[in-house]
*Asks:* 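Got a structure here, written out as C-alpha cells. Questions coming.
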Amino acid sequence: MFMQNPIFIPGPTNMPEVLRRAVDMPTLDHRSRHFADILRPVLAGVKKVVKSDSAEIFVFPSSGTGGWECAISNTLSPGDRVLSARYGVFSHRWIDMCRRHGLAVDVIETPWGEGTPADRFAEALAADKAHEIKAVLVTHNETATGVRSDIASVRRALDSVGHPALLLVDGVSSIGCMDFRMAEWGVDIAITGSQKGFMLPVGLAILAFSPKAMEAVKSAKLPRTFFDIRDMARGYAINGYPYTPAVGLMNGLKLSTEMLLSEGLDNVFARHYRIASGVRAAVHAWGLELCARREELYSDTVSAIRTPAGFDATSIVTHASQKYDVAFGMGLGELGGKAFRIGHLGALTDVMALAGIATLEMCMVDLGLPVRLGSGVAAAQQAYRSSATLATQAAA
Ligand SMILES: *Cc1c(COP(=O)(O)O)cnc(C)c1O
C-alpha cells in the first residue's frame, strides 16, 4: 500500500489536491479556442506573481534548467563575457552551462553559506569600462545552502557605474514563495519552474523577459531552436504554440497563479516566513547550525543544516526514507555528507512542518546524535502558536 507522507525536499513540492485535479484533464486540441482560455490567464497570472507590468512571459515544456538555457541562448552570443558568483550547486551548474555554451564566465568564488557578493560585483563592473560584460547571473535562492541573495543590491551595483549588462535571475526556488520584484529590482530575465513555488508536477520552465531582454534577443547569436522565444511569441500571437504545449500543466499553472494571487502574495510570503521560522527554531533547539551564515541570508524555502564533524549527514536522509518513509534533501556538492536539507516551500502548513521536525528528531536519536525527542518540536510549536493565523481567517 502506498501511504502518503508530506515531502520535505526543496522541490518538487507537495501538491494541493485541487492542483492535481487541474492537471488531470481530458485531451484538448491546443489549436482550438479552448487553449486561449488557459494560455491568456497563465501569462497574465505569472506576470503578477513576478511583479512586472512590462515583462513578456514564456512557458516551455521543460524544467528550471531548461529555463537557464532559454535565458542565455536568447540574449547572448558565443564568446560573450558574463559575471557570476559560485556559492552552491545551483549557481555552479548555471555557470557550467554558460561555459558549455561558449560564454566567457567571470566567476567570483564565494564561500558556501554566503550570498551574491554585490560589492565584488560592483568592483568587477566598475573595472569593465568597455562594457564587455553582457550579463550578470544571480541565483536568488541557492537551494543547496538555503541562502537568499539580495537582488536589489546587485541592481544598485549595476546602476552605480551605469553598466548596461542584463540582470538574469534564477528564481526557481524563490518565486511564488519569497518576495520577488522583477520591475523594482530591474531584473531582465526571471526564471522558474512549475514544481516549486507553483506546487505543480515538474514539466514547465517559466520565464519573464523585460523589454530590455526582448531587445537583446534581436542581436543574440547563440544557437537556439526549441527555446527560441521568437517562435514562442509568434505562437502566442495566435493563441497557440510552435509545438504541442503541456496543456494539463498549463491548466494547473492557471489555477496555481489564481490561488497565489487570491491568498495574496504578501500572505504567501508571510506563510513561508512563519513556517521557516519554526524550522529554524527547531534547528536552534537541537544545537545545530544552518549553513546560511547570517539571519538576513536565511531562506524561507529551504534550510540546509550542518551536522557535527565526523557524522555522516546523509545517513539522516537515508534513515528517514528507509525507516519512516519521509523524504528530506541531502547535502549537495561540497556539503555532501556534511549537511542535510529541509524543504519548506509550496503547499505546506504548520502542522505538516511539525511532522517533518518530529521525524528528523526520531532519526537523529536513532542515529545517536545528542538530540532530545520533542525539543525541536516544542520550539517550533512555540513559534507557530505565537504567529499562526486562525484557519478560518486564512481561508477567508
Ligand atoms: C530546482 C532548481 C533548479 C533546477 O530546476 P529543475 O527544474 O530541476 O531543472 C535551478 N535552480 C534552483 C535555484 C533550483 O532550486
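All residue numbers in this chain count up from 1 along the given sequence. Counting convention: from 1, in listed order, for ligands and their atoms alike.
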*Asks:* Check whether any side-chain heavy atom of Arg280 sits under 4.5 Å from a side-chain heavy atom of Asp300, and report yes or no.
*Replies:* yes
*Asks:* If you measure from each non-hydrogen atom of Trp68 to ligand 1, which part falls under 4.0 Å: side chain, backbone, both or neither?
*Replies:* side chain
*Asks:* Can you tell me if His344 uses its side chain to pair, donor with acceptor, with the backbone of Ser303 under 3.5 Å?
*Replies:* yes
*Asks:* Just which atoms of ligand 1 are under 4.0 Å from any heavy atom in Ser173?
*Replies:* 13 (C), 15 (O)
*Asks:* Could you see which bit of Lys196 sits under 4.0 Å from ligand 1, with heavy atoms only: side chain, backbone, both or neither?
*Replies:* side chain
*Asks:* Test salt bridge (charged side-chain N to carboxylate O under 4.0 Å, His left out) on Asp24 and Arg20 and set out the steps.
*Replies:* CA-CA 6 Å; Asp24 179 4; Arg20 290 177 63 180; over 6 Å; no
*Asks:* Any idea which protein heavy atom is nearest atom 4 (C) of ligand 1, and the distance to it?
*Replies:* Thr65 OG1, 3.7 Å
*Asks:* For the side chain of Ser91 and the backbone of Thr139, is there at least one donor-acceptor N/O pair under 3.5 Å apart?
*Replies:* no
*Asks:* Just need the protein heavy atom nearest to atom 13 (C) of ligand 1, so name the residue and atom and give the distance.
*Replies:* Thr143 OG1, 3.2 Å
*Asks:* Roughly how far apart are Leu253 CG and Ile206 CD1, rounded to 0.5 Å?
*Replies:* 4.5 Å
*Asks:* Just to confirm my output: which protein heavy-atom neighbour is closest to atom 11 (N) of ligand 1, and how far is it?
*Replies:* Asp170 OD2, 2.6 Å
*Asks:* Is there a donor-acceptor pair closer than 3.5 Å between any side-chain N or O of Asn251 and the backbone N or O of Ala22?
*Replies:* yes
*Asks:* What atoms in ligand 1 come closer than 4.0 Å to a heavy atom of Asn141?
*Replies:* 13 (C)
*Asks:* Which of these passes side-chain hydrogen bond (donor to acceptor under 3.5 Å, both in side chains) with Asp179: Arg148, His272, Lys51?
*Replies:* Lys51
*Asks:* Counting distance only, does the side-chain N/O of Asn14 pair as donor-acceptor with the main-chain N or O of Ile7 below 3.5 Å?
*Replies:* yes
*Asks:* Could you tell me whether ligand 1 has any atom less than 4.0 Å away from a heavy atom of Ser63?
*Replies:* yes
*Asks:* I need the nearest protein heavy-atom contact for atom 8 (O) of ligand 1: residue, atom name and distance, please.
*Replies:* Gln195 NE2, 3.8 Å
*Asks:* Applying a 4.0 Å heavy-atom criterion (strictly less than), which segment of Arg93 is in contact with ligand 1: side chain, backbone, both, or neither?
*Replies:* neither
*Asks:* N/O to N/O below 3.5 Å, does that happen between Phe90 and ligand 1?
*Replies:* no
